[in-house]
Amino acid sequence: MTTSGIRPWEQDPSKLSKLELVKLNRDGLDIINLIREKASGGYEAFSEEDLGFFKWAGVYEQKPKDGHLMMRVRIPSGILNSDQARMLAEISRDYGRGLIDVTTRQAVQFHWLQVQNLPDIFDRLERVGLFSYQACGDVPRTIIGNPLAGIDPNELMDTSSLVRELEDFFLLNREFSNLPRKYKTSISANIYNTAHAEINDLAFTPASKELNGENVIGFHVWVGGGLSAKPYLAKQLDLFVRPEEVLKVAKGVTEIFRDYGFREKRNHARLKFLVAEWGPEKFLDKLIELIGPMPARGTDQVKGWNAGYFTGVHQQKQPGLNYVGLLLPVGRLNADDFFEIARLADTYGDGSIRTCNSQNLIIANVPDAKLDGLLTESLLEKLTPYPRTFIGHAVSCTGNEFCNLAIVETKARMKAIATWLDEHVAIDTPIRLHVNGCPNSCGQQQIADIGLQGSLIKTEDGMKDAFDLYVGGSLGPDAAFNQKLKGRILGDRVAPVIGSLLEQYKQHRLPDEKYHQYVRRVGVAEIQQQLDQILAVNQV
């Protein structure tokens, strides 16, 4: 802020986008009270501008724009208790036609809501310590983290209190309610990068450093990651952060984004573009100017990447306790199932439930003596801890069923693709499949072994859903986005085409070679040649 009290971006309004000019005179968080005041008048009581600010309350207009709404609920680090799960199920049953989605940012998403019901939904959520506020909008969004925080044999510390500290600081904090665009943070001390550090605006990953003769466990800091049409991997700063300094660093990074992030064009307003222009060295200099001297980088403790998958039965770091990871096919379940999950968590555990960025769920703190009972429950036949290979590693965005940006249907399509592959391709290696219905990347296709991005193509029978294929993505120590192949494929042919590509992989891979490693070894040109041959033979 300048000495006159004017933020840097306010000094020359001619350089601001249309929405930024509106935001100069209207705090997005004001929409929460406006909704409470006017909701009884229904959808028509709100202007188009009002509806644009609904995002600050965690609410979007659903497709088609006929008055129905989609809502996201923040689940910090994915940690829920059974009372909260019951409330989410209750809201879905009463207002959302019984539908619940778990997102790739560990949030819970409702559909079919109506404006007049929002105040009651806000109140119900708040009664159990949950909020939809700032789940969307130009604000600090849900902080994702290790869903196993506190119970994880592979974590260097329990990060749940740090996530809560940041949530408490940023939630409804009007100092940060007008950022240039959305702003995503992750914190994890798991050595397998469970919080997908490289695709977040700000991320903290486990590290160690000797300070004053003592080996200190803390964090390294990453800035400027993000997906969408122009994906960027985050850059690591030359910085070591003690746990007690995480909030200070997070506040400083967010201030830089608020005050220096680009506001002239919406498609160039994410932190990743500022970091790309400044470089990590200049960014760090500005950060140190704000927060004071900090130790240089220590030793990275990230050893790999598990892609957020925890299905199966696993021992916790607490002797005699287990967590059970359940598959939610493409992240979707119904209210009755969620009520039942809450019951199972109480009956066999201590009520602890966790959501994963792989769109799955975990029931935690199950004693050895109760494990067999849980595994024989009928719900686990549907939401199995032992999924087949492809459906067990399939991720999908919302798609055009509800999303105004998506141009193709995705959830049913991905289930059909994964089911076909499970029935026709025998393979002993997980293949991560992600689908997006548009370039905005809610399905995170860029980090998949095989990613699908929806499109439309004109045929003799009219316009039909089709997909572009991307191959070779991963995060962790060998992080790189996947690369696009030429040749758009009709939706009903995607599964056999992928199956043929995987048969080539099975024939030519090295021992223990994952698909993304195989792609990088043989080169994308080789995979393109394989695809060209498949398309020529099948005339897809």
Side-chain angles (χ1 to χ4, degrees), residues 77 103-107 138-146 159 163 166 170 179-190 192-207 219-239 241 246 249-250 252-254 256-258 260-262 267-284 286-287 297 300 302 304-308 357-358 395 432 434 436 439-448 451 470 472-483 516:
S77 204
T103 77
T104 53
R105 291 192 62 80
Q106 299 178 287
D138 299 348
V139 287
R141 303 227 181 150
T142 306
I143 298 172
I144 70 165
N146 180 12
T159 49
V163 171
L166 266 62
F170 285 112
L179 302 180
R181 279 293 302 275
K182 56 190 174 184
Y183 179 71
K184 301 176 179 181
T185 301
S186 79
I187 304 174
S188 174
N190 176 284
Y192 297 112
N193 194 24
T194 55
H196 295 7
E198 298 90 346
I199 59 172
N200 283 273
D201 296 279
L202 168 65
F204 295 87
T205 57
F219 299 93
H220 284 159
V221 179
W222 304 69
V223 294
L227 298 177
S228 196
K230 292 185 177 180
Y232 284 75
L233 291 170
K235 302 295 185 182
Q236 191 180 98
L237 300 180
D238 188 10
L239 193 69
V241 181
V246 164
V249 172
V253 171
T254 313
I256 293 174
F257 182 43
R258 179 194 65 195
Y260 300 97
F262 304 135
N267 62 2
H268 196 246
R270 291 290 301 276
L271 181 62
K272 61 188 180 183
F273 296 110
L274 179 66
V275 173
E277 181 169 304
W278 280 13
E281 294 80 11
K282 179 179 177 179
F283 193 96
L284 179 59
K286 175 58 69 172
L287 180 61
R297 193 164 37 215
D300 277 313
V302 173
W305 183 50
N306 74 348
N357 49 20
S358 56
V395 169
R432 297 173 290 103
H434 290 226
N436 284 322
N440 281 346
S441 305
C442 293
Q444 301 178 343
Q445 63 88 357
Q446 293 94 335
I447 65 174
Y470 295 72
S474 73
L475 297 180
D478 61 350
F481 294 130
N482 51 27
Q483 297 185 57
H516 76 270

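If you read the sequence from its start, that first residue is 1, and numbering goes on from there.
Side-chain N/O atoms of Q444 and N357 include no donor and acceptor closer than 3.5 Å.
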Before you tell me yes or no, could you show the steps for W222 and N200 under side-chain contact (heavy atoms from CB on, under 4.5 Å), namely the whole-Å CA-CA distance, both residues' side-chain angles and the distance that decides it to 0.1 Å? CA-CA 8 Å; W222 304 69; N200 283 273; over 6 Å; no
R432/H516 under side-chain contact (heavy atoms from CB on, under 4.5 Å): CA gap, chis, key distance, verdict: CA-CA 9 Å; R432 297 173 290 103; H516 76 270; 4.0 Å; yes
Quick one, H196 with W305, criterion side-chain contact (heavy atoms from CB on, under 4.5 Å). Give me CA distance, side-chain angles, the key distance, then yes/no. CA-CA 8 Å; H196 295 7; W305 183 50; 3.3 Å; yes
Tell me, with the steps shown, if I447 and E198 meet side-chain contact (heavy atoms from CB on, under 4.5 Å). CA-CA 10 Å; I447 65 174; E198 298 90 346; over 6 Å; no
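Contact annotation: the side chain of L179 never approaches that of R141 to less than 4.5 Å [non-hydrogen atoms, C-beta and beyond]. Looking at heavy atoms from C-beta onward, V223 lies out of side-chain contact with L287 at the 4.5 angstrom threshold. Put simply, the side chain of N482 reaches to within 4.5 Å of the side chain of Q445, judged on heavy atoms. Side-chain contact between F481 and L227 is present, with at least one heavy-atom pair separated by less than 4.5 Å. The side-chain heavy atoms of Y470 and Q446, taken from C-beta on, include no pair separated by under 4.5 Å. F204 places a side-chain heavy atom less than 4.5 Å from the side chain of V249. At a threshold of 4.5 Å between non-hydrogen side-chain atoms, the residues H220 and V302 do not count as touching.
The closest donor-acceptor contact from the side chain of N190 to the backbone of Y192 lies under 3.5 Å. At least one donor-acceptor pair under 3.5 Å links the side chain of K272 to the backbone N or O of K230. Checking side-chain atoms of T104 against main-chain N and O of C442 turns up a donor-acceptor pair under 3.5 Å. At distances below 3.5 Å, not a single donor-acceptor pair connects side-chain atoms of T254 with backbone N or O atoms of G252. Listed for the S358 side chain is a donor-acceptor partner under 3.5 Å among the backbone atoms of G308.
Of the candidates I143, T185, I187, L166, L202 forms a side-chain contact (heavy atoms from CB on, under 4.5 Å) with just one, namely T185. Between F273 and the options Y232, W278, Y260, a ring-ring contact (aromatic ring centres under 6.0 Å, His included) holds for only Y232.
Considering all non-hydrogen atoms of both residues, V241 and V246 come closest at CG1-N, 3.8 Å. In terms of heavy-atom proximity, N436 sits nearest to G443 at OD1-N, 2.5 Å. Closest non-hydrogen pair, D201 versus K184, comes out as OD2-N, 2.7 Å. A203 approaches A197 most closely through the heavy-atom pair CB-O, 3.5 Å. The two residues P180 and A269 have their closest heavy-atom pair at CB-O, 3.4 Å. Pairing each heavy atom of K235 with each of V275, the nearest pair is CG-CG1, 4.1 Å.
Scored by the salt bridge (charged side-chain N to carboxylate O under 4.0 Å, His left out) test, D478 finds R520 as partners (sequence neighbours excluded). With sequence neighbours left out, the side chain to side chain donor-acceptor pair (under 3.5 Å) criterion links Q106 to no other residue.
Taking CZ of R270 as the reference point, atom CZ of F262 lies at 13.5 Å (rounded to 0.5 Å). With rounding to the nearest 0.5 angstrom, the OH atom of Y183 is 6.5 Å from the CG atom of L271.
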